[in-house]
Every structure is written in C-alpha cells, then in structure tokens.
Amino acid sequence: MNDERHVLVIFPHPDDETFSSAGTIAHYIDQGVPVTYACLTLGQMARNLGDPPIATRESLPDVREKELEAACKEMGITDLRKMGLRDKTVEFEPHDKMDDMVKSLIDELNPSVIISFYPKFAVHPDHEATAEAVVRTVGRMPAEERPRLQLVAFSNDAPEKLGDPDIVNEISDYKEVKLRTFKAHASQTGSFLAQLGSPEISGQAQSFLEVEPYWTYNFES
C-alpha cells in the first residue's frame, strides 16, 4: 500500500471520500504517498442542512466547501481539486467533457491507483456518472499504462454480483481520523454520527470506522 507512485481520488460530492476512504487516504499520506482528491461538485443540492440546521439552501454551497476543506485537512490531503461541476447534474455532463477531465488529471499526475466508484453499484446518479467516466477513460488507455482501479461499491447487491471485495483495508488505527472527517461534514453526517450511539445499529455504523472495502475492475470481462 505504501509503494504507490501517486493516488488519485475522484468522487462527485464532499463526504463521498469520508464514508468510503478516509482511513485508506490517511494511511497513504502517512506513508508518504502523494494523494490528489478531485471533488467534482460542492454538494450544492443536498437535502440535509444539518441537525439542528447549520445552513440554508442559499448558504449550503459555502458551508459544504468549508466542510470539504476541513475534512481534507483531517486526512492530510493538501492537493484538493474542486472541479466546479454542479451537484445532481453530473449524469447530464457530456461524456467527452467528463472523460477529458479524468484524462487530464491522469496525464498530469501519473497515478498508480485511482479510487472512485464502481459502475452500476454506486447507487446515486452522480456516483454512477463519475464511475463510468473513470472506467471509460482508463479503459481506453494501453493496458500497460493504466492505473489500477480501486473502486467503491455501495449498493446492497454488490457482494452477491461482484463477489467478495478484492481489497479490504483494516483502518482501526485511523478510526479517530475518520471520525473527525465525519464530524467535519457536519451538515450531512449528523444522523450517521447519532447511529454510533444507538445499540440497534451501532455495529453497522461502526463498520465504517473499521474497514474500507474495494473492488478492482477487470477490463477483459
């Protein structure tokens, strides 16, 4: 894990990185691996405004941008790219525009690994559009030049259809880091943080603080 040349993280919303990868990212950074996070939107259209509310519909973009910056600071990310797309419209972006954006990042950074979502198992339309752009773009590269894809599958049927995760990162050493990143995204994570204290579902919530699973992608299938 610490032998990587550069890790490129591509997600559409602030907090996608926290739920899926905060411990993994923090570990890479601790090992001296450069990490770049390309966050496609500022989550402007999120339904949550905090509990109790800490934002209005008008102020939410600014709030979420500050939360994103705070979460990145907790993980140690210093290269944060805000890509300027609009929340809930990523699925409508032209494929060539999305693919050019991904390829430009790859050409600049020469990553050995890309962390993003897995197509058809990412739940949200923006997640799916991001996943498809990453896979399309990497798939067009010569096989020997492709970065490895380390992909997040959130849908409930992922283990059944994809099999067990190819990578399961044990992140207990980064539990407190990940918890702080959840707290950084306060407008969105209040209900999740409340679950940590609920005996009925604390086990499910706690799993986010203990392991981070990923699937690789087989371009030959």
Side-chain angles (χ1 to χ4, degrees), residues 1-40 43 67-81 83 102 105-106 109-119 121-124 126-127 130-131 133-135 138 146-155 158-159 162-185 188-189 192-193 196 203-218:
M1 189 170 172
N2 58 343
D3 296 329
E4 302 301 344
R5 181 172 61 246
H6 198 119
V7 175
L8 173 58
V9 181
I10 306 177
F11 287 122
H13 308 122
D15 79 14
D16 289 338
E17 83 296 327
T18 289
F19 275 97
S20 68
S21 304
T24 297
I25 290 169
H27 178 76
Y28 277 131
I29 291 169
D30 270 0
Q31 297 301 313
V33 178
V35 174
T36 296
Y37 178 22
C39 190
L40 304 192
E67 290 176 346
L68 172 63
E69 291 169 351
C72 285
K73 184 176 181 180
E74 294 293 352
M75 288 179 282
I77 293 173
T78 57
D79 188 10
L80 169 62
R81 312 287 179 95
M83 306 306 292
V102 173
L105 289 165
I106 293 172
L109 301 168
N110 190 25
S112 52
V113 171
I114 296 178
I115 296 176
S116 192
F117 284 118
Y118 200 111
F121 297 93
V123 181
H124 187 291
D126 282 357
H127 296 182
T130 302
V134 168
V135 168
V138 174
R146 291 173 189 157
R148 298 192 321 280
L149 298 184
Q150 190 167 306
L151 304 177
V152 177
F154 272 150
S155 64
L162 295 176
D164 291 335
D166 299 297
I167 300 165
V168 180
N169 289 336
E170 200 280 326
I171 59 162
S172 295
D173 289 347
Y174 293 91
K175 179 177 180 178
E176 293 304 317
V177 172
K178 188 160 186 174
L179 187 58
R180 291 197 300 272
T181 66
F182 275 121
K183 291 178 179 178
H185 289 293
Q188 305 302 305
T189 57
F192 172 81
L193 291 170
L196 295 177
Q204 179 184 3
Q206 285 286 350
S207 69
F208 281 92
L209 302 176
E210 296 167 357
V211 295
E212 291 175 343
Y214 301 92
W215 283 260
T216 57
Y217 193 87
N218 181 7

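Computed from a predicted structure; not experimentally measured.
Under the 4.0 Å criterion applied to side-chain N and carboxylate O atoms, Lys175 and Asp173 are not assigned as salt-bridge partners.
For Trp215 (side chain) and Gly163 (main-chain N/O), a donor-acceptor pair under 3.5 Å exists by modelled atom type. The closest donor-acceptor contact from the side chain of Lys178 to the backbone of Phe19 lies under 3.5 Å. Judged purely by atom type and a 3.5 angstrom limit, Tyr214 uses its side chain to pair as donor or acceptor with the backbone of Ser20. For Glu17 (side chain) and Asp15 (main-chain N/O), a donor-acceptor pair under 3.5 Å exists by modelled atom type. Judged by distance alone, with hydrogens and angles left aside, the side-chain atoms of Arg5 form a donor-acceptor pair with the main-chain N or O of Pro111 at under 3.5 Å. Under the 3.5 Å distance criterion, the side-chain polar atoms of Thr189 are matched with a main-chain donor or acceptor of Phe182. Not one N or O on the side chain of Ser112 forms a donor-acceptor pair closer than 3.5 Å with the backbone of Pro147.
For an aromatic pair to be called close, the ring centres must be under 6.0 Å apart, and Tyr118 with Tyr217 satisfies this.
Rounding to the nearest 0.5 Å places CD of Glu67 at 10.5 Å from CD of Glu69. A distance of 11.0 Å separates CD1 of Ile106 from CZ of Arg146, quoted to the nearest 0.5 Å. Annotation: the span from Ile10 atom CD1 to Leu149 atom CG amounts to 9.0 Å, rounded to 0.5 Å.
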message = Pair Tyr28, Glu4 - check side chain to side chain donor-acceptor pair (under 3.5 Å), show working.
response = CA-CA 8 Å; Tyr28 277 131; Glu4 302 301 344; 4.6 Å; no
Stepwise side chain to side chain contact (heavy atoms under 4.5 Å, CB included) check, Thr36 with Arg81 = CA-CA 7 Å; Thr36 296; Arg81 312 287 179 95; 3.8 Å; yes
ask   = Step by step, would you call Lys183 with Glu74 a salt bridge (Lys or Arg N to Asp or Glu O under 4.0 Å)?
value = CA-CA 10 Å; Lys183 291 178 179 178; Glu74 294 293 352; over 6 Å; no
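The minimum heavy-atom distance linking Ile171 with Phe208 is given by the pair CD1-O, 3.7 Å. Taking all atoms of both residues into account, the shortest heavy-atom contact from Leu151 to Val135 is CD1-CG2, 4.4 Å. Residues Leu179 and Leu209 come closest through the heavy atom pair N-CD2, 4.1 Å. Closest non-hydrogen pair, Pro14 versus Gly43, comes out as CD-N, 3.6 Å. In plain terms, the two heavy atoms of Ile29 and Ile77 that are nearest each other are CD1-N, 3.6 Å. The minimum heavy-atom distance between Pro12 and Asp126, with the atom names listed, is CG-O, 3.8 Å.
No side-chain donor-acceptor contact under 3.5 Å links Ser21 and Glu212. Side-chain contact of Asp16 with His127: a donor-acceptor pair under 3.5 Å is present, judged by distance alone.
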